[in-house]
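Numbered from 1 within each chain, the chains take letters A, B, ... in sequence-line order.
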Amino acid sequence: MSRANEDEKPAAEPDRRVGGGSDTRPGASDFIRAKVAEDLRSGRYSGRVVTRFPPEPNGYLHIGHAKSCCLNFGIALENDGVCHLRFDDTNPETEDIKYVESIKEDVRWLGFDWGDNLFFASDYFEKLYEYAVILIERGKAYVDSLSEDEIRAYRGTVTRAGKESPFRDRPIEENLRLFERLRAGEFADGEHVLRAKIDMASPNMLMRDPLLYRIRHASHYRRGDDWCLYPLYDFTHCLSDAIENITHSLCTLEFENNRELYDWVLDNVGIARPRPEQTEFARLDIDYTVLSKRKLIRLVEQGHVSGWDDPRLPTLAGLRRRGVPPEAIGAFCDMIGVDKVNSRVDIAKLEYAIRNDLNQRAPRVLCVLRPLKVVITNYPEGRVEQLDAPYWPHDVPKQGSRQLPFGREIFIERDDFMEDPPRKFFRLAPGREVRLRHAYVIKCDDVIKDSATGEVMELRCTFDPDTLRGLPEGRKVKGTIHWVSAAHALPCEVRLYDRLFRVPDPEDVADGEDFTAHLNPDSLVVLEDALIEAGVAVDPPGNRYQFERQGYFISDPVDSNPGSLVYNRTVTLRDTWAKIAARDGR
RNA sequence: UGGCCCGUCGUCUAAUGGCAGGACGCUGGACUUUGGAUCCAGAAAUGGUGGUUCGAGUCCACCCGGGCCAACCA
């Protein structure tokens, strides 16, 4: 094909996936999708694709869960399949309905729809019990009456084989009777357990007669006191998958060793083929944050953050309150791909996904974070002009503008003035000119300081009436700064959020320290005296903006109201000047 | 130290025996009333040693490095 011909063609339909998805083979952009595509091709599951997202309702979802959620729902969507939302709720002591509700909210927020496919492992307790009975009848499971400590001791170590329990060869009839009595509540917690009879010498520790059921006299948040006998993960998960006719059961790498047991259970209770298959992928890790439930709980409980929705947390509730759009999280998940290598993703990649999304989504407004008063001495006292100011820059294809009042007294950003500016500082300084965004060019004539402290209190400037909005043609002014009218601007609180930790790997700690030692003391800076253009007052809480030259912000969905405006910084803009300043200051 | 899994630019990944490519980040430039966005250019990788092969990131062996497993959690 000739080059000219190519040039005339309309651009090809762009790949729906972002970033890393440079792979154009149909139906496959990672090893799991390749496997699904192969199963479809071979007809293994007769064309069915059924995945599941299986959180345990014992905590809040975080961005690591979002990766799994995007994978499971994404694969279903791409293949005309379905993805179930299943709560893996077999531990009555840690689970709660409030987590079920928050997880559902978060999954919906991410944009996924499970339709009618909402399931609970706890609904399968009866069925699971029947499967356990089958295992006992087949001589594949037994009631063990060793204590917890004894079981541990009998298990051996990774380099030494275990020892068989003296109860291992209990007759099937006795096992059956005992198991019934376990269910009936005749025993105390820990008195007996049900174990699979596999191999106490297996090199895979999980195959050394794994526990299937344990006694817990505890109320379950959904089943109440129906049960005092609760199935454990390795027994529950694979059978729940089988009950729901899952085809592809995707989980994280730390379950690799569990796969042998997953298959063993399905084979030995007699699940027909084709049956669900477990495939493992690497969990998400991001630098400068933590993504383990245990550590997140500590941050919340010890008060290092304000709660589960603290905007510094990588929880979905936190990201939402931070102003991160769910679409940005989806784009991020597409960018990072899916593989089996343990990895830690550069947080800059997340920030890129957020900026890239918000650039198209967030209208531009002016907000001065740290105000410095400017009096324009040649501007008539009492005069106010309404300047038309587009909400969108020239390269965002959206319409809309507002009127910005301009007067003799304005506020500019303190950082935009320097008495003794370094090289390449393009903003205001004594004797220098800058352009005011959407307005005029001003020149700094005088600096008024506090005689006692030397602090700059006010600038006296003059404006050039011929310079409105970029005029005249060809007039080159190096810098443009944002501003607000002193007479019109509204006071607001601005919360500047930054990364929660100072180091890329907070878990890498010296002896005697823990990850909280690396907390960034400046992860939240609250500015009480910011000033914002008045038009935003009518916007509902949760509205997102770009504060020009500062970053993307959201009006806090919880604390902001028309009488008391509060904005959270989602992410800064890319800041070339900060880079130059940091480098030169080194 | 038994078993399982994994090593590709700084980071995340593609290449399924045939030109090591993309993304983020970084560097330089263009453009710009946002030091934003956009555009252009650049630097940057197959852990090591052998072997099989016309040809190896890919297959084999050994070595090195990393992860997971000894909860009645998931």
Self-check item: Closest nucleotide among B:rG7, B:rU38, B:rC24 to the A:K349 side chain
Solution: B:rC24
Practice problem: Starting from the 5' end of RNA chain B, give me the residue, A:L436 or A:H192, whose nearest nucleotide shows up first. | Solution: A:L436
Quiz item: What do you reckon, is NZ of A:K398 surrounded by more than 12 foreign heavy atoms closer than 6.0 Å?
Solution: yes
Quiz prompt | Residue pair A:E548 / A:H482, side-chain donor-acceptor N/O under 3.5 Å | solution = no
Quiz item: Does a side-chain N or O from A:K579 land closer than 4.0 Å to OP1 or OP2 of B:rC26, or not?
Solution: yes
Quiz item: Expressed in whole Å, how much space separates the C1' atoms belonging to B:rA44 and B:rC26?
Solution: 9 Å
Practice problem: Could you label the plane-to-plane angle of the A:F406 and A:F463 rings as parallel, tilted or perpendicular, counting under 30° as parallel and over 60° as perpendicular? | Solution: tilted
Exercise. Searching all strands shown, indicate the nucleotide that pairs with B:rA70 (Watson-Crick or G-U wobble; both distances under 3.5 Å).
Key: none
Practice problem: Verify whether one side chain among A:Y233 and A:N258 offers a donor that lies under 3.5 Å from an acceptor in the other. | Solution: no
Practice problem: Go through B:rG36, B:rC69, B:rG35 for me and flag the one nearest to the A:I580 side chain. | Solution: B:rG35
Self-check item: Rounded interatomic separation in angstrom, taking CE from A:M335 and P from B:rA23
Solution: 12 Å
Practice problem: Look at all strands and tell whether A:N204 reaches a base, only sugar-phosphate, or nothing, counting heavy atoms closer than 4.0 Å. | Solution: nothing
Quiz item: How far does the C1' atom of B:rG21 sit from the matching atom of B:rC62, given to the nearest Å?
Solution: 31 Å
Exercise. Tell which nucleotide pairs with B:rA30, taking only Watson-Crick or G-U wobble pairs whose two distances are both under 3.5 angstrom.
Key: B:rU38
Quiz item: Out of B:rG25, B:rC12, B:rA70, which has the shortest distance to the side chain of A:D346?
Solution: B:rG25
Quiz prompt | Most 5' of A:N58 and A:L468 on RNA chain B, judged by nearest nucleotide | solution = A:L468
Quiz item: Can A:W577 be called stacked on B:rG35 when the rule is centres closer than 5.5 Å and an angle between planes below 30°?
Solution: yes
Quiz item: If the C1' atom of B:rA23 is compared with that of B:rA14, how far apart are they to the nearest Å?
Solution: 11 Å
Exercise. Using only side-chain N and O atoms of A:R355, determine if any of them is under 4.0 Å from OP1 or OP2 of B:rG36.
Key: no
Practice problem: Could you check which of B:rG35, B:rG36, B:rU34 has an atom nearest any side-chain atom of A:D575? | Solution: B:rG35
Quiz item: Any side-chain N or O of A:T90 less than 4.0 Å from the OP1 or OP2 oxygen of B:rA74?
Solution: yes
Self-check item: More than 12 heavy atoms from other groups under 6.0 Å of NZ on A:K163
Solution: no
Quiz item: With under 30° as parallel and over 60° as perpendicular, where do the rings of A:Y230 and A:H220 fit, or are they tilted in between?
Solution: parallel
Quiz item: Would one find a side-chain N or O of A:R427 under 4.0 angstrom from OP1 or OP2 of B:rG35?
Solution: no
Quiz item: Where the side chain of A:L232 is defined as all heavy atoms beyond and including C-beta, which of B:rC72, B:rA37, B:rG3 is the nearest nucleotide?
Solution: B:rC72
Quiz item: CZ of A:R183 versus P of B:rC72: gap in Å, rounded?
Solution: 23 Å
Quiz item: Atom CZ of A:R33 to atom P of B:rA14: distance rounded to whole Å?
Solution: 11 Å
Quiz item: Is there a donor in the side chain of A:H62 and an acceptor in the side chain of A:T315, or the other way round, less than 3.5 Å apart?
Solution: no
Quiz item: Looking at A:R283, does any N or O in its side chain come under 4.0 Å of the phosphate oxygens OP1/OP2 on B:rC68?
Solution: no
Self-check item: Whether A:Y567 and A:F547 hold their rings parallel, tilted or perpendicular, with breakpoints at 30° and 60°
Solution: perpendicular
Quiz item: So does A:T576 get a side-chain nitrogen or oxygen closer than 4.0 Å to the phosphate oxygens (OP1/OP2) of B:rG36?
Solution: yes
Quiz item: How is A:R152 classified with respect to the nucleic acid when contacts are heavy atoms under 4.0 Å: base, sugar-phosphate, or nothing?
Solution: sugar-phosphate
Quiz item: Heavy-atom contacts under 4.0 Å between residues 249-265 of chain A and RNA chain B, which residues?
Solution: A:E254, A:F255, A:E256, A:N257, A:N258
Quiz item: For the residue pair A:F120 and A:F87, does the interplanar ring angle fall in the parallel (under 30°), tilted (30 to 60°) or perpendicular (over 60°) class?
Solution: parallel
Practice problem: Could you check which of B:rG7, B:rG36, B:rA14 has an atom nearest any side-chain atom of A:V341? | Solution: B:rG7
Quiz item: Do we count A:Y352 as stacking onto B:rG25 if the rule is ring centres under 5.5 Å and planes under 30°?
Solution: no
Quiz item: What is the pairing partner of B:rU1, taking Watson-Crick or G-U wobble pairs with both distances under 3.5 Å in any strand?
Solution: none
Quiz item: Across all strands shown, which nucleotide pairs with B:rC24 by Watson-Crick or G-U wobble geometry, both distances under 3.5 Å?
Solution: B:rG10
Quiz prompt | Syn or anti conformation of B:rA71, syn meaning chi within 90° of 0 | solution = syn
Exercise. Please state whether the phosphate of B:rU13, meaning OP1 or OP2, lies under 4.0 angstrom from any side-chain nitrogen or oxygen of A:S343.
Key: yes
Exercise. Any strand is fair game: report the nucleotide pairing with B:rU49 by Watson-Crick or G-U wobble, both distances under 3.5 Å, or none.
Key: B:rA61
Quiz item: If you check the A:K340 side chain, which of B:rC5, B:rG36, B:rC12 turns out closest?
Solution: B:rC5
Practice problem: Using modelled atom types only, decide if a donor and an acceptor are shared between the side chain of A:S292 and the backbone of A:K295 within a distance under 3.5 Å. | Solution: yes
